Amino acid sequence: MAAGTETLADVTSKICVRGGLATSDFDGSALSGRTVLGYPIARQTTGADALTPLLSAYFAFGSEQNAKIVFDLYGANVSTTIAQPSARA
């Protein structure tokens with residue numbers, strides 16, 4: 001792929017597969033809207049250790065749901081909004 005055309009979902013998927021997961025073991029589709037300019041992995045490391053700084057940089061996270069790792073962006077699927085209390089003098 002040309003520089004700057006890989007999505008966060010692409011890079012996350014490559015790291016997961018390189019770490020030994022099958023593509024059916026994770027879902028990174030929610031990360032497809034973010035472009036990654038580059039992400040070198042310069043030393044031998046675990047998949048989790050490779051993903052941690054990458055996900056943090058893009059305000060994303062992974063969690064287990066129904067025996068599958070699901071990646072998402074913080075604040076992407078907000079179902080409840082808590083109103084700020086009004087200022088009282």
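The structure displayed is predicted, hence computed values, not measured ones.
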Any side-chain heavy atom of [X] within less than 4.5 Å of one from [Y]?
X	Y	value
L31	L73	yes
F71	D27	no
D10	V36	no
I15	I41	yes

Who passes side chain to side chain donor-acceptor pair (under 3.5 Å) against T46, sequence neighbours left out?
->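 Partners of T46 under the side chain to side chain donor-acceptor pair (under 3.5 Å) test: D49.
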Judged by atom type as modelled, is there a donor-acceptor pair below 3.5 Å linking the side chain of S13 to the main-chain atoms of A9?
-> no
When you look at T12 and L55, which way does the side chain to side chain contact (heavy atoms under 4.5 Å, CB included) test go after all the steps?
-> CA-CA 8 Å; T12 301; L55 295 175; 4.2 Å; yes
Mind checking the SG-CD1 spacing from C16 to I69? Nearest 0.5 Å is all I need.
-> 5.5 Å
So how far is it from E6 CD to S32 OG, rounded to the nearest 0.5 Å?
->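 The OG atom of S32 is 13.0 Å from CD of E6, to the nearest 0.5 Å.
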Grab the two heavy atoms, one from D72 and one from A30, that are nearest each other, plus how far apart they are.
-> OD1-CB, 3.5 Å
Do any pairs count as a ring pair (Phe, Tyr, Trp, His ring centres under 6.0 Å) and have a residue in residues 6-65, sequence neighbours left out, and if so which ones?
-> F61-Y74
Would you indicate whether E64, at its atom CD, is surrounded by more than 12 heavy atoms from other residues, nucleotides or ligands within a distance under 6.0 Å?
->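 Counting other residues, nucleotides and ligands, CD of E64 exceeds 12 neighbours.
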